Amino acid sequence: MHEELENFERNHVWDLVEPPPNCRPIGTKWVFKNKQGEDGMVVRNKARLKEGIDYEETFAPVARLEAIRILLAFVASKGFKLQQMDVKSVFLNGFIEKEVYVRQPPGFESARFLDRVYKLRKALYGLKQAPRAWYARLKSFLLKSGFVMGSVDQTLFLLSRGGDTLIVQIYVDNIIFGGSSHALVSSFAEQMSREFEMSLMGELQFFLGLQIKQGPEETFVHQAKYTKDILKKFEMGDSKPMTTPMSTNTALDADEDGRRPDIQFAICLCARYQASPRTSHRQAVKRIFRYLKFTPEFGLWYFSGSSLSLRGFLDADHASCRINCKSTFGTCQLLGTSLVSWSSRKQVSVSLSTTEAEYITAASYCSQLLWMKATLSDFGLRFGKIPLLVDFTSAISVAKNPVLHSRTKHIDVRFHFLRDHYEKGDIDLVHIVSKNQLADIFTKPPEFGAFVRLRGELGVEGVDNALIKGEIESQWTGLIALLV
C-alpha cells in the first residue's frame, strides 16, 4: 500500500484540496491481488487503490484473441522473437479532463486535514475514464514516435525504418513487441522505459492465459496451466482420460425422462433450451474434462518459413439440434499451416433446408475472413480471392447464381452479403471432398482415427508427438494440389 501511494506522489496523480461547494467525492477502496506466473507461483503481490463504485466496469480497446494468434503465426513465420513488457501503475499515466474528487484512502487519512479531498490530475484505477485515458496517451506517444496504427486492429502498431520492421501489440498494460532488427527492438524498449515506468519481462512466455514457447524454428502455444487449474477446480484431476471429447453415438436432447443430477444442477435451468439439465448432460461435460486430462499439454504449432496464404474451411450440419432443430456450423481459418481462428456454434434461426443452412453459414463466415484479410493487410500482406473451402455444392450454386427461385426467395436479404463479395472477387467458394474438410471436427464427433487425423492437420499436437515442419508442409502441399 505504501508503494502504491508512493507511485501516486511520483506520478503527481492528485492534490489534497479543500472540497468545493456541493462536492460529492467518490469513495475509494483497497483491492489486493496475487499475480501468478505460468507455473502457478505467485510472482508479485499487488495492492491497488481504486475508486469505490463500479470499479470493475471499465473499458479500453483490447486486441481480439484471433489478432494475438495472427501475430504469433506471422512472427514465427518470419523468425522474429517476441518480447514482453509491463507498465507499472498503468492507469496512473493517463490524464483526465473533467474534475474528479475522491476521498482520502482508508487507513492513510491526513491527521491535519481530515475534511480535505483529493482532486485528481490523472486517472485512478476504477474510473471509467482510466483505461481510455491510458490508451490515448500511449497511442499519442507511439504515433509521435513514427508508428502507424493498424487500420482494423487499433491496438496494433507498426514501425518501418531502414528496411526493418517493428511490431507492437498492446493489451491494456501488457505490451508485446518484436521485429527484424535486434537494435530496433532494444531501442524501442529503452524509449518506452524513458517515457513510462516499465517492467521488462524478456522473451514472451505467458500472455492472456496462453503459454508460449518460442524456439529457433517454431513457436508452441498451449494452455496447460489453465487446463490443470480447471481440472482441479471441478475435481477431475484424477479422472480417467478419454481420447476424444465426445462419443460418436452421443446425441444430446432434452432427455425429459432422464434422471436429474444433484439439486445444485437441477435448479440451474438452461434458458436457451428451457429445460433442466439431466445426468446425461453432466456425463457429456465430464467426458470433455476427461479429454482435457488426456491432452493437457496439447497446443498449436507455428513454424518458421511457413506460407502466409490465408484460407478458410466451413462445414454445416442441418437441423442437428434435437431440441429446437437449429443447424450447427463449424469454421476454421489458417494462415499457411497455422490455425489462428475457429468457431463452433448453432445458427440463431431455424433453416428450412440444407441449402439455406449452408448458405447462411457461409454468409456469416464471410465477414470473419474479410476481417482477417484487412487485419493482415496491416502486416503488408496482400491477398486476392480468399479461398473458402466447403464440402457442399448447393450453397456455392446459390452464391454464384443471382436468380432467386423457390429454394432461395425466403432467405433473408442480409445473407446475400456472401454473393456480393463473391462477385467482387473478395472470396472464392471452392468445393472440397468431405474427408479433407478440416472444419468437420467442429460440427460432429468423428471416430477416433478421423479425429486424430483432423486434429493433426490443424496443427494441434503435444510436445512429444508434434509433426515436424517438413511433414506438415508436405501434407498441405498434397492437399492444395488436390484443390487446384
Side-chain angles (χ1 to χ4, degrees), residues 3-4 6-15 46 48 50 58-64 67-68 70-71 74-75 80-98 100 120-204 207-208 375 377-380:
E3 180 183 353
E4 177 78 349
E6 289 174 2
N7 286 335
F8 282 26
E9 296 298 326
R10 187 166 56 252
N11 286 282
H12 306 289
V13 173
W14 55 20
D15 294 310
K46 289 185 176 182
R48 291 287 185 233
K50 298 192 176 187
T58 58
F59 170 79
V62 294
R64 293 169 58 171
I68 300 297
I70 287 174
L71 174 61
F74 178 81
V75 298
F80 300 171
K81 286 291 184 68
L82 286 175
Q83 308 291 318
Q84 184 177 14
M85 61 173 65
D86 179 81
V87 187
K88 296 181 180 179
S89 303
V90 56
F91 291 159
L92 306 187
N93 290 284
F95 296 97
I96 57 175
E97 298 178 359
K98 63 180 295 186
V100 178
L120 296 183
R121 291 182 177 182
K122 296 183 179 180
L124 186 66
Y125 282 88
L127 287 177
K128 293 186 179 181
Q129 306 97 309
R132 274 259 183 207
W134 156 244
Y135 172 78
R137 183 179 176 191
L138 179 58
K139 170 186 170 182
S140 176
F141 172 74
L142 292 176
L143 294 179
K144 289 180 181 178
S145 300
F147 282 86
V148 176
M149 184 173 64
S151 58
V152 177
D153 182 2
Q154 297 190 353
T155 63
L156 176 69
F157 295 84
L158 298 100
L159 175 68
S160 297
R161 182 173 296 169
D164 289 316
T165 301
L166 177 66
I167 304 173
V168 176
Q169 182 84 64
I170 62 175
Y171 194 96
V172 192
D173 59 338
N174 289 292
I175 300 175
I176 56 178
F177 59 101
S180 56
S181 167
H182 177 72
L184 194 58
V185 170
S186 299
S187 174
F188 172 73
E190 294 174 1
Q191 187 180 17
M192 288 291 290
S193 296
R194 287 194 300 268
E195 182 70 15
F196 309 102
E197 288 191 60
M198 309 295 301
S199 295
L200 299 178
M201 305 169 68
E203 189 173 303
L204 179 64
F207 186 69
L208 301 181
T375 299
S377 68
D378 293 330
F379 291 93

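Note that this is a predicted model, so its numbers are computed, not measured.
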* Test V185 against K81 for side chain to side chain contact (heavy atoms under 4.5 Å, CB included), laying out the working first. => CA-CA 10 Å; V185 170; K81 286 291 184 68; over 6 Å; no
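- The main-chain N or O of A189 is found under 3.5 Å from a side-chain atom of S193 such that the two form a donor-acceptor pair.
- To the nearest 0.5 Å, atoms CH2 (W134) and CZ (F196) are separated by 4.5 Å.
- The side chain to side chain donor-acceptor pair (under 3.5 Å) check on Q191 picks up S145, with sequence neighbours excluded.
- What you find for M85 and F177 is that their closest heavy atoms are CE-CE2, 3.3 Å.
- When every heavy atom of L82 is checked against every heavy atom of G178, the shortest pair comes out as CD2-N, 3.8 Å.
- Counting only distance, with no hydrogens or angles, the side chain of Q83 and the backbone of E203 share a donor-acceptor pair below 3.5 Å.
- Ring orientation note: the planes of F379 and F74 are tilted relative to one another, at an angle of 30° to 60°.
- Taken to the nearest 0.5 Å, the CZ atom of F147 stands 4.5 Å off from the CZ atom of F188.
- Here the CG atom belonging to L156 is positioned 7.0 Å from the CG atom belonging to L71, to the nearest 0.5 angstrom.
- Summarising the geometry, atom CE belonging to M201 is positioned 11.5 Å from atom CD1 belonging to I176; distances are rounded to the nearest 0.5 Å.
- If you take CG on N174 and CD1 on I68, they are separated by 9.5 Å, rounding to the nearest 0.5 Å.
- Residue M149 holds its CE atom at 11.5 Å from CG of L158, rounded to the nearest 0.5 Å.
- The salt bridge (Lys or Arg N to Asp or Glu O under 4.0 Å) check on R64 picks up E66, with sequence neighbours excluded.
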Under 3.5 Å, sequence neighbours excluded: what are the donor-acceptor pairs made by side chains of residues 163-170?
unit_1 : atom_1 : unit_2 : atom_2 : d
D164   : OD1    : S180   : OG     : 3.2
Q169   : NE2    : D153   : OD2    : 3.2
Q169   : NE2    : T155   : O      : 3.3
Q169   : NE2    : T155   : OG1    : 2.6

* **Full working for side chain to side chain contact (heavy atoms under 4.5 Å, CB included) between L138 and V87** => CA-CA 11 Å; L138 179 58; V87 187; over 6 Å; no
